[in-house]
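Just so it is clear, the values below take in all heavy atoms, side chains as well, and ignore hydrogens, waters and symmetry mates. Both ligands and their constituent atoms are indexed starting at 1 by order of listing.
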Amino acid sequence: MKGRFITFEGIDGAGKSTHIGWYVERLRALGREVVHTREPGGSALAESLRELLLQRPMPLASELLLVFAARQDHLEQRIRPALAAGKWVVCDRFTDSTYAYQGAGRGAPLERIAWLEAWVHGDLQPDRTYLFDLDPALAAQRRAAHAPDRFEAEDTAFFERVRQGYRRRAAADPERFRILGSDRSLEILRELLEEDIVSICK
Ligand code: ADP
Ligand code: TYD
């Protein structure tokens with residue numbers, strides 16, 4: 001059986017973490033060997049870089065380079081070996097996050113992101129990406145329970161730019177993306193995910 005690379009995307013508080021564990025268990029129940037991972041992070045070096053990225057103020061260029069430095073290690077240590085062994089990789093965020101946050105959100109030139117993407121993993125792209133799409137004001141209410149990190153502390157205008165950045169990515173690649181309107185109930189979202197699991201497991 002061939003492995004697949006699946007990513008979960010969306011603004012902070014849109015519902016990725018709520019669904020990803022369930023999704024991984026569904027794939028395992030269907031007999032797939034699954035590696036559940038996340039970005040920034042997923043390998044020892046990348047988890048160290050994650051701490052810096054989420055807590056320490058830094059110039060945008062440093063942020064962009066650190067995101068890709070973490071991704072390079074994560075790909076080498078975990079993602080590529082798992083896919084080569086026929087496993088499925090389910091990753092909470094990947095390069096679409098960089099286009100949305102560092103690009104649309106912070107204003108990094110998209111050509112620069114594309115250049116880094118081509119260098120680090122041009123030949124490897126997700127087979128499926130779920131975009132959890134939610135109004136930023138609602139997402140802010142949903143995540144109000146915990147202390148914000150450096151990204152979560154951004155205002156609604158920032159998250160509106162990030163949301164639109166994601167939507168443009170999804171519109172440019174409708175084969176890969178499935179947009180999930182996250183204002184709907186958990187049950188409905190699960191049904192939509194279940195339907196898609198059935199189709200990609202064929
Ligand atoms: P993310 O991982 O995208 O940042 P989470 O999965 O942590 O978001 O969800 C943020 C909060 O919203 C959590 O408290 C979660 O229980 C709640 N939540 C997630 N999905 C829904 C939903 N469809 N309806 C209502 N609340 C939700
Ligand atoms: P995450 O752990 O998914 O946060 P949450 O569970 O709160 O949604 O991601 C951490 C933060 O990292 C998130 O705010 C988005 C940011 N990020 C980027 O800015 N660029 C990237 O390329 C990635 C992968 C994440």
*Asks:* Look up atom CZ in R142 and atom CG in D12, then write down how far apart they are to the nearest 0.5 Å.
*Replies:* 13.0 Å
*Asks:* Could you tell me, atom by atom, which parts of ligand 1 come under 4.0 Å of a heavy atom of S182?
*Replies:* 23 (N)
*Asks:* Just checking, any donor-acceptor pair under 3.5 angstrom between side chains of R93 and Y101?
*Replies:* yes
*Asks:* Hey, are the side chains of I11 and P136 touching, using non-hydrogen atoms and a 4.5 Å cut-off?
*Replies:* yes
*Asks:* Would you mind running through ligand 1 and noting each atom that sits below 4.0 Å from a heavy atom of L186?
*Replies:* 20 (N), 21 (C), 22 (C), 23 (N)
*Asks:* What protein heavy atom lies closest to atom 21 (C) of ligand 2? Include the residue and the distance to one decimal.
*Replies:* S97 CB, 3.5 Å
*Asks:* Quick check on contacts: which atoms of ligand 2 are under 4.0 angstrom from a heavy atom of T98?
*Replies:* 21 (C), 22 (O)
*Asks:* Can you tell me if CZ on R184 sees more than 12 non-hydrogen neighbours from other groups inside 6.0 Å?
*Replies:* yes
*Asks:* What I want to check is whether the side chains of Q72 and Q77 have a donor and an acceptor closer together than 3.5 Å.
*Replies:* no
*Asks:* Can a donor-acceptor pair be found between the side chains of T129 and R176 at a distance below 3.5 Å?
*Replies:* yes
*Asks:* Which one holds for L189 and ligand 1: side chain close, backbone close, both close, or neither close, with close meaning a heavy atom under 4.0 Å?
*Replies:* side chain
*Asks:* Just heavy atoms, cut-off under 4.0 Å: does R143 contact ligand 2 by side chain, backbone, both, or neither?
*Replies:* neither
*Asks:* At what distance is the nearest protein heavy atom to atom 21 (C) of ligand 1, and which residue and atom is it?
*Replies:* R142 NH1, 3.3 Å
*Asks:* With a cut-off of 4.0 Å, which atoms of ligand 2 are near a heavy atom of L54?
*Replies:* 10 (C), 11 (C), 12 (O)
*Asks:* Regarding E152 and H146, is there a side-chain donor-to-acceptor distance under 3.5 Å anywhere?
*Replies:* yes
*Asks:* Out of all atoms in ligand 2, which are within 4.0 Å of some heavy atom of K16? Include the element for each.
*Replies:* 3 (O), 8 (O)
*Asks:* Output the distance between atom OG1 (T95) and atom CZ (R71), rounded to the nearest 0.5 Å.
*Replies:* 3.5 Å
*Asks:* Which of the numbered atoms in ligand 2 are under 4.0 angstrom from any heavy atom belonging to D12?
*Replies:* 4 (O), 5 (P), 7 (O), 8 (O), 13 (C), 14 (O)
*Asks:* Please could you name the atoms of ligand 2 that R71 approaches to less than 4.0 Å, counting only its heavy atoms?
*Replies:* 22 (O), 24 (C)
*Asks:* Which of these, Q102, R93, E152, has its nearest heavy atom closest to atom 3 (O) of ligand 2?
*Replies:* R93
*Asks:* Suppose we measure from atom 2 (O) of ligand 1 to each protein heavy atom; which comes out shortest, and what is that distance?
*Replies:* S17 OG, 2.4 Å
*Asks:* Any idea which protein heavy atom is nearest atom 8 (O) of ligand 1, and the distance to it?
*Replies:* G15 N, 3.0 Å
*Asks:* Report yes or no: does G10 have a heavy atom closer than 4.0 Å to ligand 1?
*Replies:* no
*Asks:* Indicate yes or no: at least one non-hydrogen side-chain atom of C201 is less than 4.5 angstrom from one of L27.
*Replies:* yes
*Asks:* Number the atoms of ligand 2 from 1 as they appear, then name those within less than 4.0 Å of a heavy atom of P40, with their elements.
*Replies:* 12 (O), 23 (C), 24 (C), 25 (C)
*Asks:* Quick one: look up the protein heavy atom nearest atom 10 (C) of ligand 1 and list residue, atom name and how far away it is.
*Replies:* G13 O, 3.8 Å
*Asks:* Check each atom of ligand 2 against the heavy atoms of E39 and keep those under 4.0 Å away; list them by number with element.
*Replies:* 24 (C)
*Asks:* Pick one of side chain, backbone, both or neither for how V67 approaches ligand 2, counting any non-hydrogen atom pair under 4.0 Å.
*Replies:* side chain
*Asks:* To the nearest 0.5 Å, what is the distance between CZ (R26) and CG (L193)?
*Replies:* 11.0 Å
*Asks:* Can you name the atoms of ligand 1, numbered from 1 with element, that are less than 4.0 Å from a heavy atom of D12?
*Replies:* 4 (O)
*Asks:* Residue-level breakdown please: for R184 versus ligand 1, do any non-hydrogen atoms fall below 4.0 Å on the side chain, on the backbone, on both, or on neither?
*Replies:* backbone
*Asks:* Could you check whether any heavy atom of R38 sits closer than 4.0 Å to an atom of ligand 2, since that is the contact criterion I want to use?
*Replies:* no
*Asks:* Look up atom CD1 in I200 and atom CG in D127, then write down how far apart they are to the nearest 0.5 Å.
*Replies:* 8.0 Å
*Asks:* If you count the non-hydrogen atoms of other residues, nucleotides and ligands that lie under 6.0 Å from CZ in R150, is the total more than 12?
*Replies:* yes
*Asks:* In the structure I gave you, are the side-chain heavy atoms of D133 and Y166 within less than 4.5 Å of one another anywhere?
*Replies:* no
*Asks:* Out of curiosity, E9 CD to C91 SG, how far, rounded to the nearest 0.5 Å?
*Replies:* 8.5 Å
*Asks:* With nothing but distance in play, are any N or O atoms of K16 less than 3.5 Å from an N or O of ligand 1?
*Replies:* yes
*Asks:* Of R38, R80, E39, which meets side chain to side chain donor-acceptor pair (under 3.5 Å) against H74?
*Replies:* E39
*Asks:* Of the protein's non-hydrogen atoms, which lies at the shortest distance from atom 6 (O) of ligand 2, and what is that distance?
*Replies:* S17 OG, 3.9 Å
*Asks:* Going by the closest heavy atom to atom 2 (O) of ligand 2, which one wins out of E63, R50, H146?
*Replies:* R50
*Asks:* What is the nearest protein non-hydrogen atom to atom 9 (O) of ligand 1, stated with its residue, atom name and distance?
*Replies:* T18 OG1, 3.5 Å
*Asks:* Roughly how far, to the nearest 0.5 Å, is the CH2 atom of W88 from the CZ atom of R32?
*Replies:* 5.5 Å
*Asks:* Counting only heavy atoms, which portion of A145 has something under 4.0 Å from ligand 1: side chain, backbone, both, or neither?
*Replies:* neither
